[in-house]
Amino acid sequence: MFRSVLQLRSGRGLLIRGLGTHRGGSTLDWDEKVSEIKKKIKSILPGEASTPLYDTSHLPPEHSDVVIVGGGVLGLSVAFWLKKLQKKGDGIRVLVVERDHTYSKASTVLSVGGIRQQFSLPENVQLSLFSVDFLRNINEYLAVVDSPPVDLQFNPSGYLLLASEKSASTLENRVKMQRQEGAKVCLMSPEQLQNKFPWMNTKGVALASYGMEGEGWFDPWSLLQGLRRKLQSMGVLFCQGEVTRFITSSNRMVTSSGEEVVLKRIYEVHVKMNNSLEYQPVECAIVINAAGAWSGQIAELAGIGKGPPGTLQGTKLPVEPRKRYVYVWHCPQGPGLEMPFVANTNGVYFRREGLGNNYLGGCSPTEEEEPDSTNLDVDHNFFQDRVWPHLAERVPAFQSLKVRNAWAGYYDYNTFDQNGVVGPHPLVVNMYFATGFSGHGLQHAPAVGRAVAEMVLDGHFQTINMSPFLFSRFHLGEKFQEDNIF
Ligand SMILES: Cc1cc2nc3c(=O)[nH]c(=O)nc-3n(C[C@H](O)[C@H](O)[C@H](O)COP(=O)(O)OP(=O)(O)OC[C@H]3O[C@@H](n4cnc5c(N)ncnc54)[C@H](O)[C@@H]3O)c2cc1C
């Protein structure tokens, strides 16, 4: 009779092993027999196609040196730099696990694509300086033979930060620091503002800072796709599925201060494939937590924050999704092409969106106003009450405008100090973070990816000292506060 038609490979899906070779001795001819078998197969298994019965090409590999959780801009940047900086002949196997290849909720594609040099911390200025250089030379990094060049649709334009009397000296000090770091930023008086931007009402503005180089906005989707294409050419593996569990080994240790700690190491990642009831186990040496707004949940899966309060073991990764609205409006009498990205004295921001007198903008809510983050619905009253009055005051032409579009996205919000988390966890020793940038992760992704890769490959940061971004600051209570967040 027929040899085995189907064979179940334990835990890794159903594989067809081939039909048997029996001929003769039957009342049915060979073609009818095959057709009968195919019908039987269809009745046992879901799906229409019988060859291949179950395509396994989408499954993750059984082993990967590095598993990256999250295929947003930060995850892909880490993958890029791991492959780029690996030593010749190392051939590190890198797997990116992304649960949604449409990126419908990913911050990267819902962001407004801005890059600026004007941060309150020197390290963030350094990150921006490297990132803008990366974007400028994108095709030196991401070119792929026989493929068209990456077009980021970069729109060079300065950021204009407005300060009231109360915040003017802080702004001045920050500009001094930004210049020391090498950023090209100038200060402007209200009179200078009025001359350069006559459409602006400068009431309540005591001082402004304006980026003269290395600032603007670009298309995040193009960057993501450019990275993805490059990574495929570099041999990085991709899999669509959700990381649901980590299997760890533990080791009890006593620190030099006599404290007993449990060090953990993840050795297996479970990936649940879409439309599957099973998970696929992937053995690995290193896990990168680049799950954006959801990276707090990924940390929890690894047991981070599950110890007694006040201990390192009990310290959570303080990153959570915070909903932010972006509104797009049309204003026929609005400012022209010379309009910069404006951050108003009260945090309302706006900029041009393409040509044709379209603009976009928004504002972060106060802690008390934080909207429900379980969905991405837009609150149009927020524009009416909290955004538009300030737009209309600052740019009189905006008194009359028409909102044409709006969307919401999640900030990967670090509730502790609104800054990134980079590098390994002190107890789950092979989980590395690239997350928590709270509204500036897109622009910093090129530099952060490089920093994480340096840490993984060399054990320390090589180019920018990212030590202040380490997780341990949450336990020590040492804030590394970034104040220039809109
Ligand atoms: C409205 C808005 C405007 C912004 N504007 C700017 C700006 O102008 N400039 C700037 O620099 N930044 C901006 N940001 C912030 C920036 O978008 C983020 O900091 C950055 O995109 C974070 O990248 P990421 O890769 O960490 O996150 P994401 O792009 O969200 O990617 C994380 C991915 O992880 C996946 N994932 C989560 N959990 C799992 C799991 N268990 N298994 C598998 N996959 C999983 C998700 O599906 C997601 O695709 C803005 C954000 C918003 C919302």
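Just so you know, ligand 1 is whichever comes first in the structure, and atom 1 is the first atom listed for that ligand. No hydrogens, no waters, no symmetry mates; every other heavy atom, side chains included, goes into these values. The structure presented is a predicted model; accordingly, all values stated were derived computationally and were not measured.
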Atom 18 (C) of ligand 1 sits nearest the protein heavy atom D412 OD1, 3.6 Å
Are any of the side-chain nitrogens in K323 or D379 under 4.0 Å away from the carboxylate oxygens of its partner?
-> no
Per atom 30 (O) of ligand 1, closest listed option by heavy atom (S107, A291, G292) | S107
Between R116 and F341, is NZ or CZ placed under 6.0 angstrom from the six-membered ring centre and within 45° of the ring axis?
-> no
Closer than 4.0 angstrom: is that true for some heavy atom of T435 and an atom of ligand 1?
-> no
Please report which non-hydrogen protein atom sits nearest to atom 49 (O) of ligand 1, along with the residue it belongs to and the distance in Å to one decimal place.
-> E98 OE1, 2.7 Å
Y103 N/O under 3.5 Å from ligand 1 N/O | no
Partner of F246 by side chain to side chain contact (heavy atoms under 4.5 Å, CB included), out of E268, H270, R265, M431 | M431
Determine, using ring centers only, whether H440 and F437 are less than 6.0 Å apart.
-> yes
For atom 44 (N) of ligand 1, the protein heavy atom that lies nearest, with its residue and separation = R99 N, 3.3 Å
What do you reckon, are the aromatic ring centroids of Y141 and F134 less than 6.0 Å apart?
-> yes
Hey, is ligand 1 close enough to S438 that some N/O pair sits below 3.5 Å?
-> no
Give yes if a backbone or side-chain nitrogen or oxygen of G114 is under 3.5 Å from a nitrogen or oxygen of ligand 1, and no if not.
-> yes
N/O of Y410 under 3.5 Å from N/O of ligand 1, yes or no?
-> no
About how many Å separate CG of D412 and OG of S438, when rounded to the nearest 0.5 Å?
-> 6.0 Å
G441 to ligand 1: N or O pair under 3.5 Å?
-> yes
Separation between CZ (R99) and OG1 (T244), nearest 0.5 Å, reads 11.5 Å
Looking only at distance, does T108 have an N or O less than 3.5 Å from an N or O of ligand 1?
-> yes
So, E370 and R324, do they make that salt bridge, N to O below 4.0 Å?
-> yes
Is the charged tip of R450 near the ring of F130: under 6.0 Å from the six-membered ring centre and within 45° of its axis?
-> yes
Using a strict 4.0 Å cut-off to heavy atoms of A290, name the atoms of ligand 1 that fall inside it.
-> 32 (C)
Whether G241 lies under 4.0 Å from ligand 1, heavy atom = yes
What protein heavy atom sits nearest atom 13 (C) of ligand 1, and how far away is it?
-> G439 O, 3.1 Å
Partner residues of H390 under the ring pair (Phe, Tyr, Trp, His ring centres under 6.0 Å) criterion, sequence neighbours left out | none
Among the heavy atoms of G113, does any lie under 4.0 Å from an atom of ligand 1?
-> yes
among protein heavy atoms, the one nearest atom 16 (C) of ligand 1 is L442 N, 3.7 Å
Could you tell me whether some N/O pair between G75 and ligand 1 is separated by less than 3.5 angstrom?
-> no
How many angstroms lie between atom CE of M234 and atom CZ of F80, to the nearest 0.5 angstrom?
-> 4.5 Å
Residues E172, R174: salt bridge by 4.0 Å N-O rule = no
Which option out of V243, L223, V97, L224 puts a heavy atom nearest to atom 42 (N) of ligand 1?
-> V243
Could you list the atoms of ligand 1 found under 4.0 angstrom from a heavy atom of G409?
-> 53 (C)
Ranked by distance from atom 11 (O) of ligand 1, the top protein heavy atom is Q443 N, 2.7 Å
Purely on distance, is any nitrogen or oxygen of L74 under 3.5 Å from one on ligand 1?
-> yes
Do F469 and H444 have ring centres separated by under 6.0 Å?
-> no
Would you check whether V69 has a nitrogen or oxygen atom less than 3.5 angstrom from a nitrogen or oxygen atom of ligand 1?
-> no
To atom 34 (O) of ligand 1, the nearest of G436, G70, A445 on a heavy-atom basis is G70
